[in-house]
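Naming convention: chains lettered A, B, ... in sequence-line order (proteins, then strands); numbering from 1 in each chain. Computation of the quantities below employed the complete heavy-atom set of this structure, encompassing side-chain atoms and omitting hydrogens, waters and symmetry-equivalent molecules.
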2 protein chains.
Amino acid sequence: MPAHKTAETATRPARALRGTRARAEVAADGIPAQDAGAAEVFAVDTVNASFLESLLGYNARRASLSLVGVFMKCMARFDLKIVEFSVLSLVGRNPGITSRQLCQQLDMLPPNMVGMIDALARRGFLERRPHPRDGRATGLYLTAAGRELVDTAEPQLKSSEEKAVAHLSETEQAQLMQLLQKLYR
Amino acid sequence: MPAHKTAETATRPARALRGTRARAEVAADGIPAQDAGAAEVFAVDTVNASFLESLLGYNARRASLSLVGVFMKCMARFDLKIVEFSVLSLVGRNPGITSRQLCQQLDMLPPNMVGMIDALARRGFLERRPHPRDGRATGLYLTAAGRELVDTAEPQLKSSEEKAVAHLSETEQAQLMQLLQKLYR
DNA sequence: TATTGTTATACTCTATAACTATA
DNA sequence: TATAGTTATAGAGTATAACAATA
């Protein structure tokens with residue numbers, strides 16, 4: 001896991017200020033003179049990621065990845081990937097949902113959904129039935145084993161997230177949820 | 001892009017309440033009776049994603065992906081992937097940074113960093129120089145072209161994000177930033 | 001003609017093992 | 001012995017094209 005210690009708000013290079021300097025001249029402003037042909041070499045002590053850290057997108061991705069890690073570990077107990085759990089959870093709340101609808105919801109392409117549904121069906125968690133109105137489509141349904149799995153996994157996932165964000169107050173969690181949704185909806 | 005219209009807070013299946021029902025009996029509580037051997041089929045009209053949407057992790061990932069999309073489009077003008085830009089930006093602020101440090105910062109594995117640095121060096125944006133203190137390591141430096149690219153790309157990325165989150169107030173943006181960092185740090 | 005599910009396939013991203021040069 | 005950079009390679013994830021069945 002990355003460190004992300006520094007959070008300076010400099011808008012221009014604070015070049016290896018704490019780093020070791022070798023064969024380099026440093027001007028009064030603290031910025032090494034990058035003269036032509038100089039080929040100075042530096043050692044970076046503490047990485048300055050100030051620009052990336054100033055981006056909401058970077059921070060959103062970091063936060064997302066940290067929770068993804070929590071979810072992965074939690075679902076590993078059921079030998080499920082996050083997206084597989086998502087499929088089962090959606091089928092559980094939407095009996096008869098089509099693979100096309102799952103693709104739209106989970107931002108996946110149809111050819112890549114086929115194998116996953118096959119695998120979950122082979123493991124006995126869901127099954128295909130004809131669509132009542134559209135002969136091209138196939139509706140997906142949880143089996144009894146699939147229902148049991150979802151009913152066990154969902155609360156565990158919820159509680160693993162609660163543990164992971166416990167250092168935020170209830171108010172902060174609600175604020176964050178609302179702001180995230182405002183961002184992408 | 002997915003829809004995410006519904007946000008019911010039901011804790012148990014609201015099964016295709018708005019969907020078309022076929023060959024199925026619905027009890028007084030509105031939940032279809034899943035009798036053995038019945039094999040009812042349903043059509044799902046509006047997908048119920050209430051459980052997933054109740055997770056901070058799901059919402060963080062959705063928000064992150066939406067900004068990633070903005071960044072990708074912005075960087076495509078420079079024929080740069082997001083991670084390539086991140087490398088250049090970090091090298092720009094950390095002359096002499098090693099590939100190992102980049103890997104830690106960007107959560108990448110060393111073998112996968114090699115090719116990217118090669119490509120950026122071949123394109124003339126950065127160069128390798130010996131490390132002043134460690135003969136095993138290699139320091140990375142922007143070329144003049146690399147510096148120009150970073151100095152052009154960074155403000156454009158910043159402004160593209162600002163446009164993308166303009167529907168949030170300054171206060172909301174600051175709050176979101178602070179909460180995201182509190183989440184993963 | 002358009003859409004659903006599907007196959008085949010290519011491309012990208014990510015992960016592991018092992019080697020070299022140096023610490 | 002451990003670490004930085006590298007190579008080769010395997011595996012997972014993601015993408016496009018095309019086809020049969022149905023709308």
Open item on the list: Check the orientation of B:Phe42 and A:Tyr141. Use parallel for under 30°, tilted for 30 to 60°, and perpendicular for over 60°.
Closed with: tilted
Open item on the list: Expressed as a whole number of angstroms, how long is the span from A:Ile117:CD1 to C:dT4:C1'?
Closed with: 12 Å
Open item on the list: Rounded to whole Å, please give me the gap between CZ in A:Arg129 and P in C:dT4.
Closed with: 21 Å
Open item on the list: What is the separation between atom CG on A:Asp118 and atom C1' on C:dG5, rounded to the nearest whole Å?
Closed with: 11 Å
Task: Whole-Å distance separating the CG atom of B:Asp134 from the P atom of C:dT22 - done: 11 Å
Task: Point-to-point distance, once rounded to the nearest 0.5 Å, from OH of B:Tyr184 to CG of A:Asn59 - done: 3.5 Å
Open item on the list: I need the B:Gln105 CD to A:Glu53 CD distance, nearest 0.5 Å.
Closed with: 6.5 Å
- [ ] Considering just the side-chain nitrogens and oxygens of A:Lys81, establish if one lies under 4.0 Å of OP1 or OP2 belonging to D:dA12.
- [x] no
TODO: Round to a whole Å and report the spacing from CZ of B:Arg133 to C1' of D:dT3.
DONE: 15 Å
Open item on the list: Distance check needed: C:dA21 P versus B:Arg100 CZ, whole Å only.
Closed with: 17 Å
TODO: Output the distance between atom OG (A:Ser89) and atom CG (B:Leu55), rounded to the nearest 0.5 Å.
DONE: 8.0 Å
TODO: Test B:Arg100 against every option in B:Ile97, B:Leu102, B:Thr98 by the side chain to side chain contact (heavy atoms under 4.5 Å, CB included) rule and name the one that passes.
DONE: B:Thr98
Task: Any N/O donor-acceptor pair, B:Arg136 side-chain to D:dT3 base, under 3.5 Å - done: yes
Task: Members of residues 108-116 of chain B that approach DNA chain C, where some heavy atom sits under 4.0 Å away - done: B:Leu109, B:Pro111, B:Asn112
- [ ] To the nearest 0.5 angstrom, please state how far the CZ atom of A:Arg128 sits from the OG atom of A:Ser99.
- [x] 8.0 Å
- [ ] Round to the nearest Å and state the distance from A:Asp107 atom CG to D:dG13 atom C1'.
- [x] 13 Å
Open item on the list: Without decimals, in angstroms, what is the distance between A:Leu102 CG and C:dT6 P?
Closed with: 12 Å
